[in-house]
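Owing to the predicted nature of the structure, the values given are computational and were not obtained by experimental measurement. Lettering follows sequence order; numbering is per chain, from 1.
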There are 2 protein chains.
Amino acid sequence: MNRVIDVITRTRQLEGSFSKREQLVADFVLSNLEKVATLSQLEIANEAGVSVATVNRFCLALGCDGFRDFTIRLAQSVAVSLQYMGGPSRDDSESEQLVTQVFGALIDSLTLARTQLVGDSIQEAINVLAVCRRIAFFGVGGGSANVAREGANRFFRLGIPAEAHADGYLQRMVSATLETGDVVFAISSSGQAAELLDSVAIAKQYGAHTICLTRKDSDLAAIADIAIEINLPEDQDIYKPSASRLVFMAIVDVLAAGAARNRPEKVKEYLRRIRTSLVSLSKDTEPKPIGD
Amino acid sequence: MNRVIDVITRTRQLEGSFSKREQLVADFVLSNLEKVATLSQLEIANEAGVSVATVNRFCLALGCDGFRDFTIRLAQSVAVSLQYMGGPSRDDSESEQLVTQVFGALIDSLTLARTQLVGDSIQEAINVLAVCRRIAFFGVGGGSANVAREGANRFFRLGIPAEAHADGYLQRMVSATLETGDVVFAISSSGQAAELLDSVAIAKQYGAHTICLTRKDSDLAAIADIAIEINLPEDQDIYKPSASRLVFMAIVDVLAAGAARNRPEKVKEYLRRIRTSLVSLSKDTEPKPIGD
DNA sequence: CTTATATTGTAAGTTACTTACATTTCTTTC
DNA sequence: GAAAGAAATGTAAGTAACTTACAATATAAG
């Protein structure tokens, strides 16, 4: 079980790039997830209207070692999916199915990202962030900019001065004011945004530590001191927001939690102060964690 | 998959009541759970020192329909087991375990939220948002304010004028400028924030439709026209950001996807325009969905 | 239109699961 | 303790199904 292939996710990723007949198999599989694991190759071939050899090729195209491997992996993926989402049911209304789709895609993306966060970069980033003097979060474009804001929102609560900037010009200017002990945390799903690349280079020049959260092997990943690299498949449904920026926010949460555990006493005091400052603003007096 | 047989549990239950040779098989299976699913009947027989027919009989003794059925069920039981245990392996580094915890908590929260999104409110909200004249997203406090920004960031791409406000004073003022055909979308995890309650009441007074995303049975839920109500347990670990605001963002994604599907041709045109407007800004020219 | 490449299905080859039956082992009865 | 009956077990034949090779068909490129 060392190789982690989620064949459901893989099938969805490859959708549209299969050959004609293999796409028929994929369609049948995705439409009958629970049932397929119980069927023989011949039965699937008959249902999909293709030959048994095409079914076998479909399994190989997914990276499986053959039909048996595919069946086992599918059964596992289905079992895990059922655990989490209870599976799509025919009784669901249209909106309930939409919830399942959007949430399911996010869970799939989180699961995939989890498998990619296996290097030292998370721990390195936590180590740097926990002791730095100041963090400047940079992101451009609505999604990444908002991840940056979330970053600042998370880290100020730990008593670490944290700011977020979405304006490329201002990012450059801020970068020029940073120095050793400061951090630039640059967020970009593509890793190609020119302003961001420039700002990171400027910050490095003045001695700041640079961390990025971006796509694997991108330009941004190449120039940052610490690169947290995640590749997530693009969802082909243009009407559905992509899950990647929520995955990025979850990663920022990981870093914030890690940094908080590095300085528990300080964090507890800051949380207490924040709590106290909010008391008179609403009727809500319940204890609250770092968030809202 | 109708019959639910957890073969691991069954094997443990029958331990001691197997025949001599079948007990050897059971011992081998229980000692090598992850590996067994990848082995052939002959390989298992050789490892356990029995004949292939005994392995087959072992599977039948568990209530399986044969070896193939046994293999699939075992693989599923193992997969679910790994997920249930949170998946952390002894080999994981500290940061990897932190990733698993944070991501796992988010997935659990999404799963729980899914079970609560079963009424009509999502569809009602989609129906209103898809045709409204303007949406004003309101949130106070770092997390909810950022959910509001995400909301605006999602809906402007559909060609619907959308704005986000975190300043309670400004929210009141904006509310006073709204009228029939407009929407206020108020976000608050507690549902108790006084400014928010006031602003929603003002907007209602001037004919705007009011939608809220908040805790069940809260004051905010009570006064809004459409209430999307989610109760998520508070995480007792104060050093870990709570998952609720990411769940709220995922719900906003559901609404945006639903509204987009209501107006596919318009959305496609706006996405095309947005794409075109971004071309000269970075080296990234790949197709992108609604998001970044 | 022709040629090269990719896809696809048919069927032969191979593997492995299932079943039947003979043998061995264990349990019960006297 | 011995004999008879029942249960367990292994070997090998029978059967099913997966994999692979190759010819035929479809698609892409020049």
Side-chain angles (χ1 to χ4, degrees), chain A residues 3 5 7 10-11 13-30 32-78, chain B residues 1 3 5 7 10-11 13-30 32-33 35-78:
Chain A
R3 285 195 308 173
I5 308 176
V7 294
R10 178 63 66 83
T11 304
Q13 288 169 346
L14 295 177
E15 194 151 24
S17 61
F18 286 115
S19 66
K20 231 174 172 177
R21 290 292 190 283
E22 284 177 19
Q23 188 59 55
L24 292 180
V25 181
D27 292 340
F28 176 72
V29 169
L30 290 177
N32 300 274
L33 289 173
E34 297 184 37
K35 179 177 164 183
V36 169
T38 67
L39 300 181
S40 70
Q41 202 176 88
L42 180 61
E43 283 166 330
I44 296 171
N46 288 337
E47 292 278 350
V50 302
S51 70
V52 290
T54 298
V55 175
N56 191 266
R57 287 185 196 113
F58 168 78
C59 302
L60 298 179
L62 293 183
C64 299
D65 276 342
F67 180 70
R68 181 187 146 101
D69 191 33
F70 163 75
T71 299
I72 289 165
R73 291 183 187 284
L74 180 68
Q76 289 176 317
S77 297
V78 168
Chain B
M1 295 293 166
R3 285 195 305 171
I5 306 176
V7 293
R10 179 63 67 82
T11 306
Q13 288 169 345
L14 295 176
E15 195 153 22
S17 62
F18 285 116
S19 67
K20 231 175 174 178
R21 288 294 193 278
E22 284 177 21
Q23 187 59 55
L24 292 181
V25 181
D27 293 339
F28 176 71
V29 168
L30 289 177
N32 301 272
L33 287 173
K35 178 179 167 183
V36 169
T38 68
L39 300 180
S40 71
Q41 202 177 93
L42 179 61
E43 285 167 327
I44 295 171
N46 288 339
E47 292 278 350
V50 303
S51 70
V52 291
T54 299
V55 175
N56 191 268
R57 289 184 194 111
F58 169 76
C59 302
L60 298 179
L62 294 184
C64 301
D65 277 342
F67 180 70
R68 177 184 151 101
D69 191 34
F70 163 76
T71 299
I72 289 166
R73 291 182 188 283
L74 180 67
Q76 290 178 314
S77 296
V78 168

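- Within the structure, every side-chain polar atom (N or O) of Thr54(A) is placed at least 4.0 Å from both OP1 and OP2 of dT7(C).
- In terms of modelled atom types and a separation under 3.5 Å, the side chain of Arg10(B) and the main chain of Leu62(B) share a donor-acceptor contact.
- Only at 4.0 angstrom or more do the heavy atoms of residues 22-29 of chain B sit from any atom of DNA chain C, so none qualifies.
- Formation of a donor-acceptor pair under 3.5 Å by the Gln76(A) side chain with backbone atoms of Gln76(B) is not found in this model.
- Closest approach to the Ser19(A) side chain among dT8(C), dG10(D), dG9(C) is made by dT8(C) (side chain taken as heavy atoms from C-beta onward).
- Looking at Phe28(A) and Leu24(A), their side chains never come closer than 4.5 Å, going by heavy atoms from C-beta outward.
- To the nearest angstrom, P of dT18(C) lies 11 Å from CD1 of Ile44(B).
- Nearest heavy atoms, Cys64(A) versus Asp69(A): CA-OD2, 3.4 Å.
- With hydrogens and angles ignored, the 3.5 Å screen pairs no side-chain donor or acceptor of Thr54(A) with any backbone N or O of Val50(A).
- Under a 3.5 Å cut-off, the side chain of Gln23(B) and the backbone N or O of Gly16(B) do form a donor-acceptor pair.
- Between its two ends, the helix from dC1(C)-dG30(D) to dC30(C)-dG1(D) turns its axis by 30°, counting five pairs per end and rounding to 10 degrees.
- Remark: aromatic rings of Phe58(B) and Phe67(B) are distant, center separation not under 6.0 Å.
- Not one N or O on the side chain of Gln41(A) forms a donor-acceptor pair closer than 3.5 Å with the backbone of Val55(A).
- Although no hydrogens or angles enter the test, the distance criterion places a donor-acceptor pair under 3.5 Å between the side chain of Glu43(B) and the main chain of Ser40(B).
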Take nucleotides 13-29 of chain D nucleotide by nucleotide from the 5' end and write B, S or -, depending on whether a protein heavy atom sits under 4.0 Å from the base, only from the sugar-phosphate, or from neither. -----SBBB-----S--

